[in-house]
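Here the structure comes first, spelled out in structure tokens, and everything after it is commentary.
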Amino acid sequence: MFNSLKEKLAQFTKKIAEVADKKSEAEVAAVKPTLVEKTKALFKGEIILDEKDLTPVFDDLETSLLESDVALPVIEEIVKSIKMQLVGKKIKRNENLPTYVQGVLKNAIQQVLISAKPEEILNRIKKRDPARPFVIMFVGINGTGKTVTIAKFAKFLQDHGIKSVMAASDTFRAGAIEQLEKHGKNLGIRVIKHEPGADPAAVAFDAIEHAKARKLDVVLIDTAGRMQTDVNLMEEMKKIHRVTKPDLVIFVGDSLTGHDMIMQSKEFNDATEIDGVILTKMDSDARGGSALSISYVIKKPILFLGIGQKYEDLIAFNQKWMANRLLGEANVAG
Ligand SMILES: Nc1nc2c(ncn2[C@@H]2O[C@H](COP(=O)(O)OP(=O)(O)OP(=O)(O)O)[C@@H](O)[C@H]2O)c(=O)[nH]1
Ligand SMILES: [Mg+2]
């Protein structure tokens, strides 16, 4: 996972260490032999890296992040944060510099990420008005993994003793209703459906009524994949939102799509405000940039990650996990 970005961050750490080494050698060489005290201080003391020393390394880092699909404002924020932690700071010469730089990078990465604990969602479901089910609407462009993610989410709720019903509100794509029904059957969860081509908002409305009648906790609304540029389908999505007044709108994004996904999430967020994000296909060779960028750009948390096609392949997201993935296993010593 994130191999190229991981490699680039490791390079950054290595380059900083090289700059520091060169600088301290140069400073030692510049000290006049008569100034014994000064030489001593330099050896046991600190090194200060200034902006001039680091500019080429930061330039390389910016290019690397851009190549890994990290969005520009996120790159700026990361670099700003690293500069604040590195430039002009006294670093002890006997300190392990790569470890120090790793820590700086870790902070910078964690700062641009927003997460929300699954327990927060479970608590909101438990504390809702009992007269109404908790309604969750899943949106996103075509093929990102919405339907499979809904099934995984239903399983996650089931594992926590929460009963749900699924609304087959993708009445647009051929085979979409059957696909959701298959998941429903596998999981023992009811799917509310109408005919293909029916009004998706009406399907979702019926699912809410069904949940009320059966005292089910949650309604999970599957919606058709749509490009953010498709005006009619975007209007249809807004209608589902108006009719169902969801407690949570989850944007399902394909982590392999990079910059495009960030742009799409912004457009979806403008159309029906997104409350959180699930990124799918993290088990494939995701470059990591979109995961690093999305929560900063739309100011909404990443809730879960899809890491495979099985129902249990849904894991909670948190900043530490991501930073460790990007840095923890990276070989920085070399
Ligand atoms: N490897 C992997 N595949 C995934 C993951 N999530 C979804 N998929 C696969 O992605 C493909 C599309 O998934 P769907 O759930 O049908 O996607 P969708 O967004 O509902 O698609 P539309 O309804 O056509 O817009 C399927 O083959 C899924 O099995 C994941 O986390 N990892
Ligand atoms: Mg689908």
Side-chain angles (χ1 to χ4, degrees), residues 1-3 118 136-157 164-187 189 191-198 200-201 203-204 207 219-230 232-234 236-237 240 246 248-258 260-265 267-268 271-272 274 276-288 290-291 294 302-317 321-322 325:
M1 206 184 282
F2 313 138
N3 281 334
I136 311 179
M137 177 175 169
F138 293 76
V139 300
I141 66 150
N142 313 69
T144 57
K146 292 175 294 301
T147 306
V148 171
T149 302
I150 288 173
K152 291 175 181 177
F153 200 88
K155 162 93 168 58
F156 159 75
L157 295 177
S164 61
V165 59
M166 303 195 277
S169 290
D170 179 358
T171 59
F172 185 74
R173 180 172 63 75
I177 300 173
E178 292 76 11
Q179 187 193 358
L180 191 68
E181 278 189 306
K182 202 168 143 227
H183 291 305
K185 213 168 155 203
N186 291 344
L187 294 163
I189 292 174
V191 172
I192 302 298
K193 62 166 183 173
H194 288 190
E195 291 303 309
V203 180
V219 175
L220 301 167
I221 305 174
D222 188 18
T223 64
R226 65 201 78 219
M227 290 303 292
Q228 71 280 13
T229 46
D230 188 326
N232 290 340
L233 282 176
M234 290 305 272
E236 181 205 80
M237 181 178 77
I240 306 174
L248 212 59
V249 177
I250 296 181
F251 177 81
V252 180
D254 178 340
S255 61
L256 299 171
T257 41
D260 282 350
M261 196 252 282
I262 304 301
M263 202 184 62
Q264 287 150 2
S265 68
E267 304 258 352
F268 272 78
T272 55
I274 294 168
V277 174
I278 296 181
L279 294 178
T280 60
K281 309 182 193 178
M282 297 292 283
D283 50 309
S284 312
D285 191 24
R287 278 193 258 184
S290 47
I294 192 163
I302 301 175
L303 308 171
F304 289 94
L305 302 174
I307 54 158
Q309 312 214 29
K310 297 196 293 297
Y311 295 133
E312 54 272 24
D313 290 335
L314 187 70
I315 59 166
F317 175 84
W321 179 92
M322 180 81 188
R325 283 281 154 160

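For the numbers below, each heavy atom of this structure counts, side chains included, while hydrogens, waters and symmetry mates do not. Computed from a predicted structure; not experimentally measured. Atoms within a ligand are numbered from 1 in the order they appear, just like the ligands themselves.
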Working for side chain to side chain donor-acceptor pair (under 3.5 Å), residues S169 and D222
CA-CA 5 Å; S169 290; D222 188 18; over 6 Å; no
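Heavy-atom proximity to G306, at under 4.0 Å, picks out these atoms of ligand 1: 31 (O). Taking a cut-off of under 4.0 Å to the non-hydrogen atoms of I307, the atoms of ligand 1 that pass are 31 (O). Annotation for ligand 1: atoms under 4.0 Å from non-hydrogen atoms of N142 are 25 (O). Under a 4.0 Å criterion applied to the non-hydrogen atoms of G225, ligand 1 contributes the atoms 25 (O). Remark: ligand 1 atoms within the under-4.0 Å shell around heavy atoms of K146 are 15 (O), 17 (O), 18 (P), 19 (O), 20 (O), 22 (P), 25 (O). Near R173, meaning under 4.0 Å from one of its heavy atoms, ligand 1 places the atoms 22 (P), 23 (O), 24 (O). Taking every heavy atom of D170 and a limit of under 4.0 angstrom, the matching atoms of ligand 1 come to 23 (O).
Of all heavy-atom pairs spanning G225 and N142, the tightest one is O-ND2, 3.4 Å. In this structure, A154 and M166 approach most closely via the heavy-atom pair CB-SD, 4.3 Å.
Between M261 and D254 there is no side-chain heavy-atom pair separated by less than 4.5 Å. Proximity of V249 to V139: side-chain heavy atoms (C-beta onward) are separated by under 4.5 Å at one or more points.
With salt bridges taken as basic N to acidic carboxylate O contacts below 4.0 Å, none links E312 and K155.
For T147, the nearest N, O or S atom to the Mg ion (ligand 2) falls under 2.8 Å.
The single protein non-hydrogen atom nearest to atom 6 (N) of ligand 1 is T280 CB, 3.8 Å, given as residue, atom name and distance. Of all protein heavy atoms, the one closest to atom 14 (P) of ligand 1 is G145 CA, 3.6 Å. Annotation: atom 32 (N) of ligand 1 to nearest protein heavy atom, D283 OD1, 2.8 Å. Nearest non-hydrogen protein atom to atom 16 (O) of ligand 1 is Q179 NE2, 2.9 Å. For atom 15 (O) of ligand 1, the nearest non-hydrogen atom of the protein is V148 N, 2.8 Å. Closest to atom 10 (O) of ligand 1, if we only count protein heavy atoms, is K281 CE, 3.4 Å. G143 O, 3.8 Å is the protein heavy atom nearest to atom 12 (C) of ligand 1. Protein heavy atom closest to atom 3 (N) of ligand 1, with residue, atom name and distance, is Q309 CG, 3.7 Å.
Residue-ligand proximity: G308 is placed with a non-hydrogen atom under 4.0 Å from ligand 1. A heavy-atom separation below 4.0 Å is not found between D313 and ligand 1.
More than 12 heavy-atom neighbours from other residues, nucleotides or ligands sit within 6.0 angstrom of NZ on K152. Residue F172 qualifies as open at atom CZ: its count of foreign heavy atoms under 6.0 Å is 12 or below.
Contacts with ligand 1 closer than 4.0 Å are made by side-chain heavy atoms of K152 only, the backbone lying farther away.
Of the possible polar contacts, none joining the T280 side chain to the G306 backbone as a donor-acceptor pair under 3.5 Å is found.
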